[in-house]
Amino acid sequence: SAAAMSADVCSETAAARARIAAWQLEDAIRDQIIEEYPLDPQARQAYCSLAHAEKHYHWGVAVLVALSIAELPAWCESGSDLFASVDIASQCVRPGVEQKDILLSNIAYIPPGWAIIIEMCVMLVVLRKVYLELILQFDYFAPLKIEYINVRHAKVMLALVLFEVLDCVLFVVSRPGFRLAFVSRSGFLWLLPGVQSLVACFMVVTTEFVSIATFLVGTISFFAWICLLTFQDNDDMYQGALVNTGLDTFSHALDTMFVSGTTEGFVRRLLPTYTIYRSSGVLWLGFLVVVHVLLLSLVLDTLVSAYSAFAEKKERYDLREKVHGVVKSFHTLLDGPGKDFGSPRSSPKHKGLTKDAFVSFTQEFGRCPRNHTFTESMAAEIFKAVDVRGTGSLGKPEFLAACRLLQYRLFATKKYSVLQEGFPKLWSSSVFQWLKEQVDGDQKRFDLFMNFILIINFALVLVETFYDLQNWRETPLLENLELIFAIVYLCEVAVKLCVYSWPQYWAHGFNKFDLITTILLAVSSFWEVACSHAVHAHKAGVAPIDNHARMDCSGPSCVIAYIPVISQGFISRYLNILRLLRLLRMIKHLRRLRNVQFMVNAVFKITMGSKNILTALGVVVFFFTTLSVQLWGGLLCEPNLDLEETEWHKRKWFALNFNDFLMAFGVWVVSLLREYMPEIAEAIWEASGIPGSWLIVPIFYVCAVIIVFELVKAFTIELFVYLSNKRLEEERYGPRPFQPLVHIEKALAERDIGFHYSLLGNDGFGED
């Protein structure tokens, strides 16, 4: 009938509005504003498929990083069988050097054949993502003359895939002693959205940095020229070496001035000339004041200032664009896509968003894997919470509040355990109600009691540690201390699960922490008892170590029978580490102190807030780590005669090498914290046969330490100052919670339903 057809058209129109509005809101959250969207439902489906593919792509990139860590270094012999287990003793060797002198990270390497297979699987995941991007762009947005997908990035990604595949083929066919896969892997990391969002920031900051850095380099070169003219022909000796060592050529003088001006190594570099010629102290004082104090500080201040100005400007722009996108989504729900909501005639004031339209909108919004899925009941609760006027419809301000709620992970759980419905008599008994009051009451007396238990546990840990340090024999109580408290903590979990339902208990991050540490403590306590019995039995000469005894044993004794007969010191070393699990529980209760709570929340928020810039720093370190393994793997080792006169060898820095990923990563992390390391550059100069490869060390210092790491510090300082100011404001005027969340929590609590929420992207200890 005509009425049925009209209803179908209206339903289809409402679905289209919800589909486009949800898409607009998702893009607004991601700081992407698009003026027009395709109306074809298949376009929305293609977008959701792409969102799934992007999640798989992120996992694939994580696998590539893990593969870079675990694969056999390319400088090692791969052998004829690519799938054979790796034998470090025969494969990772250098001529004239014993394998034990080549320090590796001692992890189990993946055979090259399996590494290639994993690599190819990840490339298929990347290709699927690129394919879906191109489908979405050319099939749906290109006809609208809109560039929704960055086609240039897609082409670069295709080129990186081809490059990595060719590198794998070359490795399988010719087995060279190097690989170039690190280039494509670093490229995949660089194309991550979080890193790309900082590209504009890097460009602005680098532009500001180049001007002052040029002046710094010019000043260092000028002083290097002066020092060369002053000390070039000097033949005086200092502690068996020429006093002008490091100042005899322009390149040496430039290196000396660079190290002296940017690091704390100026004392060792300038001390010989100052010892022989005291008057040179005037020259060195002027140099250190101009370069080390003024110019270097000015470089860092310029970076921080440029970043702060850019971040403030970008924040204002992003906020304005987000509000624009949310308002556009609101008008799409009311008037349909493509309407001019800037016109005063559009969307009359009396119009509002109905409850059914809002619920349909939230369901569509939850289809995208980037967002949290909302049940219809939760969507109705959100609508009720933001509809403060009680009109049954949402205006623009209420919709803005609702969209803020949609950026949270909201879910409800049944609050109380199955005993409430399954055993109503037990639940309503006076004894159980008293227990419920202790666990779930306002004062939380049960938690206070467990705090007291923890204090006793902590005191006994100190006593036990004192006994161990004095080599005294422990009392029976101390010998079974871990097992006793493990049972107590298991009882704590059982009591709480008698009151709360499992979903309610598991929804809180610290309950997860409690349960996991309790289980680990129980397992470690049993392990300690079993190991103790095994050691005592072995000392008495009755250890069940023969195969017949092992075959005949059963139950717990069988576990003891299979415990390797090892030294008691080896067992104690690891058991002492496991004992520390008890102390981890103290963190939960320290968090009740306001100052501790602020610091814990500040560290968490700074970590989550700086996720993108930390990722960018990680990409830079990853690139230099993988590059250095290819260039210098196996070169920096103690028996290398070329290194005997270097500071690296004299200081016995043998563990600071580039033999595999983890060892090289350690070198660059030390360089981040210690700044420029001339000892490493000198060792590479002497050991490497690649001309100029030592320049990678100062390049890392400029790119990673001066620019990216300083930006990380600037960001964390700025965020901490913001959190501190917010705390002072709350102390002065009181906390200002987001009222819709309070309304939802109160409404659900009246029905014995637990309410939990956390911002999307914040896992674990979110706001509950």
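Leu419 has its side chain within reach of Phe432: a pair of non-hydrogen atoms, C-beta onward, lies under 4.5 Å apart. In this structure the side chain of Ser501 never reaches within 4.5 angstrom of the side chain of Lys415, judged on heavy atoms. For the pair Val125/Lys129, no side-chain contact is recorded, criterion being any heavy-atom separation below 4.5 Å from C-beta on. Taking the side chain as every heavy atom from C-beta outward, Leu406 and Asn371 never approach each other to under 4.5 Å. Side-chain contact between Thr375 and Phe411 is absent, with no heavy atoms from C-beta onward closer than 4.5 Å. Side-chain contact between Phe452 and Asp447 is absent, with no heavy-atom pair separated by less than 4.5 Å.
Between the side chain of His372 and the backbone N or O of Leu410, at least one donor-acceptor pair lies under 3.5 Å. In this structure, the side chain of Ser724 engages the main chain of Phe720 through a donor-acceptor pair within 3.5 Å. Ser329 contributes no side-chain N or O that, together with a main-chain N or O of Gly325, makes up a donor-acceptor pair within less than 3.5 Å. Side-chain N or O atoms of Arg44 include none that pairs as donor or acceptor with a backbone N or O of Ile20 at under 3.5 Å. Judged by distance alone, the side chain of Gln438 and the main-chain N or O of Leu435 form no donor-acceptor pair under 3.5 Å.
Distance check: Ile382 CD1 to Leu394 CG gives 10.5 Å after rounding to the nearest 0.5 Å. Gln504 CD to Tyr416 OH: the interatomic distance, rounded to the nearest 0.5 Å, is 8.5 Å. Here Asp318 contributes atom CG and Ile29 contributes atom CD1; the two are 13.0 Å apart, rounded to the nearest 0.5 Å. Atoms CG and NZ, on Leu719 and Lys605 in that order, are 9.0 Å from each other to the nearest 0.5 Å. Atom CD of Gln32 sits about 13.0 Å away from atom NZ of Lys322, to the nearest 0.5 Å. The line from OG of Ser428 to NZ of Lys436 is 12.0 Å long, rounded to the nearest 0.5 Å.
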- Verdict with supporting geometry, Val499 and Phe446, side chain to side chain contact (heavy atoms under 4.5 Å, CB included): CA-CA 12 Å; Val499 176; Phe446 185 73; over 6 Å; no
- Step by step, would you call Ile606 with Leu723 a side chain to side chain contact (heavy atoms under 4.5 Å, CB included)? CA-CA 9 Å; Ile606 287 174; Leu723 294 174; 4.2 Å; yes
- Message: Please evaluate residues Phe423 and Val418 with respect to the criterion side chain to side chain contact (heavy atoms under 4.5 Å, CB included), reporting the C-alpha separation (whole Å), side-chain torsions for both, the decisive distance (0.1 Å), and the verdict.
- Response: CA-CA 8 Å; Phe423 301 90; Val418 295; 5.8 Å; no
- Item | Derivation of the side chain to side chain donor-acceptor pair (under 3.5 Å) call for Thr332 and Gln24 | CA-CA 9 Å; Thr332 297; Gln24 289 171 333; 2.8 Å; yes
- Item | Working for side chain to side chain donor-acceptor pair (under 3.5 Å), residues Asn511 and Tyr500 | CA-CA 11 Å; Asn511 283 340; Tyr500 297 123; over 6 Å; no
- Any chance you could lay out the side chain to side chain contact (heavy atoms under 4.5 Å, CB included) test for Trp427 and Ser417, step after step, and finish with the verdict? CA-CA 10 Å; Trp427 181 267; Ser417 70; 3.8 Å; yes
- Task: Verify ring pair (Phe, Tyr, Trp, His ring centres under 6.0 Å) between Phe361 and Phe399, making sure each step is shown before the conclusion.
- Result: CA-CA 11 Å; Phe361 165 73; Phe399 184 76; 5.6 Å; yes
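A salt bridge is absent between Lys384 and Asp387: the closest approach of a Lys/Arg side-chain nitrogen to an acidic carboxylate oxygen does not fall below 4.0 angstrom. Under the 4.0 Å criterion applied to side-chain N and carboxylate O atoms, Arg30 and Glu26 are not assigned as salt-bridge partners. For the pair Arg367 and Glu364, the salt-bridge criterion is met [side-chain N within less than 4.0 Å of a carboxylate O]. The residues Asp752 and Lys414 are annotated as not salt-bridged, no charged nitrogen and carboxylate oxygen being separated by less than 4.0 angstrom. Here Lys746 does not pair with Glu381 in a salt bridge; the nearest charged N to carboxylate O distance is not below 4.0 Å.
Nearest heavy atom pair, residue Ala357 against residue Leu353, reads CB-CD1, 3.6 Å. Between His756 and Thr413, the shortest heavy-atom contact is NE2-OG1, 3.1 Å. Between Cys368 and Ala51, the shortest heavy-atom distance links the atoms SG-CB, 3.9 Å. In plain terms, the two heavy atoms of Tyr489 and Met450 that are nearest each other are CD2-CE, 3.8 Å. Taking all atoms of both residues into account, the shortest heavy-atom contact from Ala380 to Lys355 is CB-CE, 3.7 Å. Taking every heavy atom of both residues into account, Met378 and Phe374 meet most closely at CG-CD2, 4.1 Å.
Aromatic ring centroids of Trp23 and Phe365 lie 6.0 Å or more apart.
At most 12 non-hydrogen atoms from other residues, nucleotides or ligands lie less than 6.0 angstrom from CH2 of Trp59. The neighbour count for Glu376 CD, taken as heavy atoms of other residues, nucleotides or ligands under 6.0 Å away, does not exceed 12. More than 12 heavy atoms of other residues, nucleotides or ligands lie within 6.0 Å of CZ in Arg751, so this atom counts as buried by the packing criterion.
Relative orientation of the Trp472 and Phe466 rings is perpendicular, given thresholds of 30° and 60° on the angle between their planes.
The cationic atom of Lys396 (NZ for Lys, CZ for Arg) does not lie both less than 6.0 Å from the six-membered ring centre of Phe330 and within 45° of the ring axis. Because its NZ or CZ atom is both nearer than 6.0 Å to the ring centre of Phe738 and within 45° of the ring axis, Arg404 counts as a cation-pi partner of that residue.
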